[in-house]
S.K.: 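Below is a structure I'd like to ask you about.
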Amino acid sequence: MSKVHCSILVLFFLILQSNYAKAQTVIQSDTLSSKNNPAADSLKINSEIVKDTLKPVLSFGILDRDKIGYRNTSKEIRKIDYRNVGQLFDNFPAAYFADLGQLGSPSEIFMYGLGFRNTTFLEEQVSINNPYFNVFDLNTYQSERIGMIEILPLSRAFSIGFESNPTAVNFIRKDEIGIVPRTRIRLMQGPNSEGFVDVRFNRYMTKKINLNFDVTNYNTVDRFLNSSTSGWQTALELKYYLSNNHNIKANYTHVNSQYQINGGVDNESVQSLIATGEDPDLLFNESLAPVTNSTSYKKIKANNLRLDLMSKSGENFNSLISLYHNSELQEFRSNELLKSDIDPFIKNEHEVIRSGLSANARLTAGMFRVNSNAGFESLSFDSDLSLIKKDSRIYAGITGSADLIENFLRPSVTLKYSKNDLDSYSGLGFDLLLNLKDELSLFMGYSSFERSNNYIDYNLLLQNSNLNFSLAENLSPIFIHPGRTNTLEVKANYATGKTNAAVKYFRIENENIDQYFVDKIILTNSKPMLNGINLFAEMEKWNILLTTNFTLYPSAEESDYFGQPQFTLNTGIYYVDTLFNENLKLKTGLNFKAIGTQKVFKYDFETYTKLNYSYYPEIYISSYDLNDRIEAAQYSIDFYLAGNIQNLATVYFIFENILNNQYYFVPYYPKQERGLRFGVSWDINN
């Protein structure tokens, strides 16, 4: 553990201990009842010191039933082995974490087979995507702030947020309730000086004001040349309990992270060296393997302010009105220290400032339920790649549903309209839930919607110096208004006791036409249909827990085009038990992850773009087609042991890659060698 990590812990313990006595006297006269609020992270309160019945207004999500989408709570997340937020997605249906092999790297998340620029990430129903790239780096989100994660179905995902992406993920923050100050610490130490620490502190400052403070630090050293990462994240939240029906919540978050971008091992050079007699395992030699880029790196600095008014009226109406102001600066550097005619010096900066208003409401009236959301946002761009400096955009979405025939039948309709300074877009979705039995349900959903192009793509069109204005003007209407996206999802779900299993088929048909520019060359790619099948299951019997998340893309052509492996599998088999008079909850077993064959591509991490070709700009033609290369299936096996002591502390131990397999999930970013990783999560009642 680094000296920085230890210093943070010592500082926090000193602060907490110095405030302990004062906290006790202040809080005892102000106790919040969390009865019947299972979503809250609460402490058991002695009935003798409960003085009032003030109840907090808890955050409400987008989904109302797991059978429609998928939910995972913080309690369930704590049972999973994960390094960062991105790794959690290996455990979600039809999701896949394309691990680049190092903590803090900008690994891609696939949802329903779609990667970068296709998922809207939300925090309590407000989009947190970078508007310029339509991407969110999950390394900049603190895992210990998560109270619940919602995965929206394809029939509704497009309807929330400005981007109208086919898939959407909503993070709901923890709403902690407790009369005494509470601290949660999560530590992790792994190979290559990989370290992670998160310290979260919660207490009541006055009778009606609750404070949450969270600080996170992680870092790694170089495994291969130019691959180290580091990051700081802090979050401060104040919640004011105005009344039982109205709460005000203010949030500030700060991000300061840096990751080096080596582009993976240079396989061309490796194969040439092997042909001359070098070590045939050179690709996995962390000391000697040549990398694609030895100088590129990216810094991300972000400051986010948000003010929420949370309201409820009985059990039938909830609303959330949010004001926010966010700024994010991404600094990209390449060849900064070395002079090279082949690799020119690049110093690009991309800053986005956004201010907006979001309004969300849920209304239940008898058998009818309505979820509505709307937003306005003003954007300002200062980018070395951007000719667009300002934009404003609005959207409104609504989903209405009805429980018919004693909840046997539940049809829903979703509508969406959005507009920015370039064009307007609309969308429509339908879904149907059939509760065939208490344990068996069937879900079917369909959507058809228009998507706006990403600002980065639109700027590539306008800024290309080799296109005259009239040509750009003639092409821009096609580029701005790219067509429709159609989705279909069919799912059967079986849940009873400790068994939960679902199988789904999904299809995404994208009529969009993307136009990419390489100097004078215009490449037009029509995107094909994507079909997938997912099996997701969690089963426990006789103290044996089996989990599996398997996604298959039957068409090799479709899989190759979208860049994901032909199949992904994340499964585990564990022994679970409660021991020592229920003081120890044990989970131990094997984690197994595998992927199918995949074709090679390269990442441009400045713009979060996948490249299927490598170009020589001076001659305007491709030097080789990366997609001609097919990589074999890969797999890994880890041993996992975690013990939860009195529901307060969890100690975990992972023996990674126990077979010492040489492998990678993304060509050519080798995963770790065999090694040990230790960690602890500790809840402290101060």
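A quick note: this is a predicted structure, and the numbers were derived from the prediction, not measured.
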S.K.: Under the salt bridge (Lys or Arg N to Asp or Glu O under 4.0 Å) rule, collect the residues that match up with D222, sequence neighbours excluded.
M.R.: none
S.K.: Do F449 and S159 come close enough that some side-chain heavy atom pair is under 4.5 Å?
M.R.: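 No, their side chains stay 4.5 Å or more apart.
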S.K.: So, taking the atom named CG in L122 and the one named CZ in F136, what distance separates them when rounded to the nearest 0.5 Å?
M.R.: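 If we round to the nearest 0.5 Å, L122:CG and F136:CZ are 10.5 Å apart.
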S.K.: Find the distance between CD1 (I398) and OG1 (T414) and round it off to the nearest 0.5 Å.
M.R.: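 One finds 9.0 Å between CD1 of I398 and OG1 of T414.
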S.K.: Does S105 offer a backbone N or O that forms a donor-acceptor pair with the side chain of T229 under 3.5 Å?
M.R.: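 No, T229 side chain to S105 backbone: no donor-acceptor pair under 3.5 Å.
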S.K.: Does the side chain of N219 come under 3.5 Å of the side chain of S230 through a donor N or O and an acceptor N or O?
M.R.: no
S.K.: Identify whether NZ of Lys or CZ of Arg in K504 sits under 6.0 Å from the centre of the six-membered ring of Y70 and within 45° of that ring's axis.
M.R.: no
S.K.: Quick check for you: to the nearest 0.5 Å, what is the distance between S327 atom OG and L329 atom CG?
M.R.: 8.5 Å
S.K.: Regarding T140 and D137, do their side chains bring together a donor and an acceptor under 3.5 Å, going by distance alone?
M.R.: no
S.K.: What orientation do F116 and F605 show, parallel under 30°, tilted 30 to 60°, or perpendicular over 60°?
M.R.: perpendicular
S.K.: Would you say the side-chain atoms of D214 pair up with the backbone N or O of A235, donor to acceptor, closer than 3.5 Å?
M.R.: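 Checked: no pair found.
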S.K.: Determine whether F89 and L138 make a side-chain contact, defined as any pair of heavy atoms from C-beta on separated by less than 4.5 Å.
M.R.: yes
S.K.: Using a 3.5 Å distance criterion without hydrogens, assess whether the side chain of S383 forms a donor-acceptor pair with backbone atoms of H350.
M.R.: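 The answer is no, because no donor-acceptor pair under 3.5 Å joins these two groups.
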S.K.: Can you name the ring-ring contact (aromatic ring centres under 6.0 Å, His included) partners of F171, sequence neighbours left out?
M.R.: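 Checked F171 against ring-ring contact (aromatic ring centres under 6.0 Å, His included); matches are Y141.
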S.K.: Could you tell me if the side chain of F162 sits less than 4.5 Å from the side chain of S418, heavy atoms only?
M.R.: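 No, every pair of side-chain atoms sits at 4.5 Å or beyond.
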S.K.: Check the pair Y112, E489 against side chain to side chain donor-acceptor pair (under 3.5 Å), reporting the backbone distance first and the verdict last.
M.R.: CA-CA 10 Å; Y112 289 89; E489 181 177 1; 2.9 Å; yes
S.K.: Nearest 0.5 Å please: distance from the CZ atom of R306 over to the CD1 atom of I128.
M.R.: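 So the CZ of R306 and the CD1 of I128 are separated by 9.5 Å.
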S.K.: Between N531 and Y505, do the side chains contain a donor N or O and an acceptor N or O under 3.5 Å apart?
M.R.: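 Note: Y505 and N531 side chains meet the donor-acceptor criterion.
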S.K.: Would a 4.5 Å heavy-atom cut-off, applied to side chains only, mark R145 and T253 as touching?
M.R.: yes
S.K.: Verify side chain to side chain donor-acceptor pair (under 3.5 Å) between Q102 and Y669, making sure each step is shown before the conclusion.
M.R.: CA-CA 9 Å; Q102 187 120 331; Y669 294 85; over 6 Å; no
S.K.: Run the side chain to side chain contact (heavy atoms under 4.5 Å, CB included) test against S143 and tell me which residues pass, sequence neighbours left out.
M.R.: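 Result, side chain to side chain contact (heavy atoms under 4.5 Å, CB included) vs S143: Y82, V85, R186, F196.
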S.K.: Between the side chains of Y132 and E328, does any donor sit under 3.5 Å from an acceptor?
M.R.: no
S.K.: Ignoring hydrogens and geometry beyond distance, is a side-chain donor-acceptor pair present between Y395 and E377 at under 3.5 Å?
M.R.: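 Per modelled atom types, Y395 and E377 side chains form no pair under 3.5 Å.
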S.K.: Can you find a heavy atom in the side chain of N303 that is under 4.5 Å from one in the side chain of Y252?
M.R.: yes
S.K.: Would T551 and F506 count as a side chain to side chain contact (heavy atoms under 4.5 Å, CB included) if you check the C-alpha gap in whole Å, the side-chain angles of each, and the deciding distance to 0.1 Å?
M.R.: CA-CA 10 Å; T551 306; F506 57 90; 4.1 Å; yes
S.K.: Using the side-chain contact (heavy atoms from CB on, under 4.5 Å) definition, which of the options I353, L379, N326, N420 pairs with P131?
M.R.: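 Answer after filtering I353, L379, N326, N420: L379.
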S.K.: List the residues meeting ring-ring contact (aromatic ring centres under 6.0 Å, His included) with F332, not counting sequence neighbours, and say none if there are none.
M.R.: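 Listed in chain order: nothing, the list is empty.
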S.K.: Assess whether side chain to side chain contact (heavy atoms under 4.5 Å, CB included) is satisfied between Y96 and F665, documenting all intermediate values.
M.R.: CA-CA 11 Å; Y96 165 64; F665 291 134; 3.7 Å; yes
S.K.: Would you check if E450 and S426 make a side-chain contact, meaning some heavy-atom pair closer than 4.5 Å?
M.R.: yes
S.K.: Give a yes or no on whether a salt bridge exists between R173 and D308, defined as a side-chain N under 4.0 angstrom from a carboxylate O.
M.R.: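 Looking at D308 together with R173, the answer is yes, because their closest N to O distance falls below 4.0 Å.
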S.K.: So L88 and I77, side chain to side chain contact (heavy atoms under 4.5 Å, CB included) or not? Walk me through it.
M.R.: CA-CA 8 Å; L88 292 173; I77 289 172; 3.7 Å; yes
S.K.: To the nearest 0.5 Å, tell me how far N170 CG sits from E150 CD.
M.R.: 5.0 Å
S.K.: Between R71 and E76, is any pair of side-chain heavy atoms under 4.5 Å apart?
M.R.: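 R71 vs E76: side chains apart.
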S.K.: Hey, is the main chain of G429 close enough, under 3.5 Å, to the side chain of S155 for a donor-acceptor pair?
M.R.: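 Such a contact is absent between S155 side chain and G429 backbone.
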S.K.: Under a 3.5 Å distance rule, please check whether R223 uses its side chain to pair with a backbone N or O of P670 as donor and acceptor.
M.R.: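 Judged by distance alone, yes, a pair lies under 3.5 Å.
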S.K.: Is R333 salt-bridged to E331, going by a charged N under 4.0 Å from an acidic O?
M.R.: yes
S.K.: Of all residues at least two apart in sequence or in a different chain, which pass the side chain to side chain contact (heavy atoms under 4.5 Å, CB included) check with A374?
M.R.: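 Counting only residues at least two positions away or on another chain, A374 forms a side chain to side chain contact (heavy atoms under 4.5 Å, CB included) with A396.
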S.K.: Test side chain to side chain donor-acceptor pair (under 3.5 Å) on Q260 and S228 and set out the steps.
M.R.: CA-CA 6 Å; Q260 295 178 309; S228 66; 2.5 Å; yes
S.K.: Ignoring hydrogens and angles, tell me if any N or O in the side chain of N217 forms a donor-acceptor pair with the backbone of W232 under 3.5 Å.
M.R.: no
S.K.: Verify the neighbour count for atom NZ of K389: are there more than 12 heavy atoms of other residues, nucleotides or ligands below 6.0 Å?
M.R.: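 Counting neighbours around NZ of K389, more than 12 heavy atoms of other residues, nucleotides or ligands fall under 6.0 Å, so yes.
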S.K.: Restricting to side-chain hydrogen bond (donor to acceptor under 3.5 Å, both in side chains), what partner residues turn up for E108, sequence neighbours left out?
M.R.: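 By the side-chain hydrogen bond (donor to acceptor under 3.5 Å, both in side chains) rule, E108 matches Y603, K610.
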S.K.: Holding to side-chain hydrogen bond (donor to acceptor under 3.5 Å, both in side chains), I want the full list of residues that pass it with Q564, two or more places apart in sequence or in another chain.
M.R.: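 In terms of side-chain hydrogen bond (donor to acceptor under 3.5 Å, both in side chains), with neighbours along the sequence ignored, Q564 is linked to no residue.
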S.K.: Is the shortest heavy-atom distance from the side chain of Q125 to the side chain of I62 under 4.5 Å?
M.R.: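 They are in side-chain contact.
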S.K.: Please identify each residue that fulfils side-chain hydrogen bond (donor to acceptor under 3.5 Å, both in side chains) with N256, with sequence neighbours left out.
M.R.: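 By the side-chain hydrogen bond (donor to acceptor under 3.5 Å, both in side chains) rule, N256 matches no residue at all.
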S.K.: Would you check, one step at a time, whether the test side chain to side chain contact (heavy atoms under 4.5 Å, CB included) holds for I321 with L357?
M.R.: CA-CA 7 Å; I321 298 176; L357 169 67; 3.9 Å; yes
S.K.: Report the residues that fulfil side-chain hydrogen bond (donor to acceptor under 3.5 Å, both in side chains) with S448, sequence neighbours left out, ordered by chain and then residue number.
M.R.: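 In terms of side-chain hydrogen bond (donor to acceptor under 3.5 Å, both in side chains), with neighbours along the sequence ignored, S448 is linked to R484, N486.
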S.K.: Restricting to salt bridge (Lys or Arg N to Asp or Glu O under 4.0 Å), what partner residues turn up for K416, sequence neighbours left out?
M.R.: none
S.K.: For S296 and S334, which heavy atoms make the closest approach, and how far apart are they?
M.R.: OG-OG, 2.8 Å
S.K.: Can you list the residues that meet the side chain to side chain contact (heavy atoms under 4.5 Å, CB included) rule with N134, with sequence neighbours excluded?
M.R.: R117, N129, E163, N165, R451, N454
S.K.: Going by the side-chain hydrogen bond (donor to acceptor under 3.5 Å, both in side chains) test, name the single residue among T568, N91, N534 that passes it with N549.
M.R.: N534
S.K.: Can you list the residues that meet the side chain to side chain contact (heavy atoms under 4.5 Å, CB included) rule with S355, with sequence neighbours excluded?
M.R.: H325
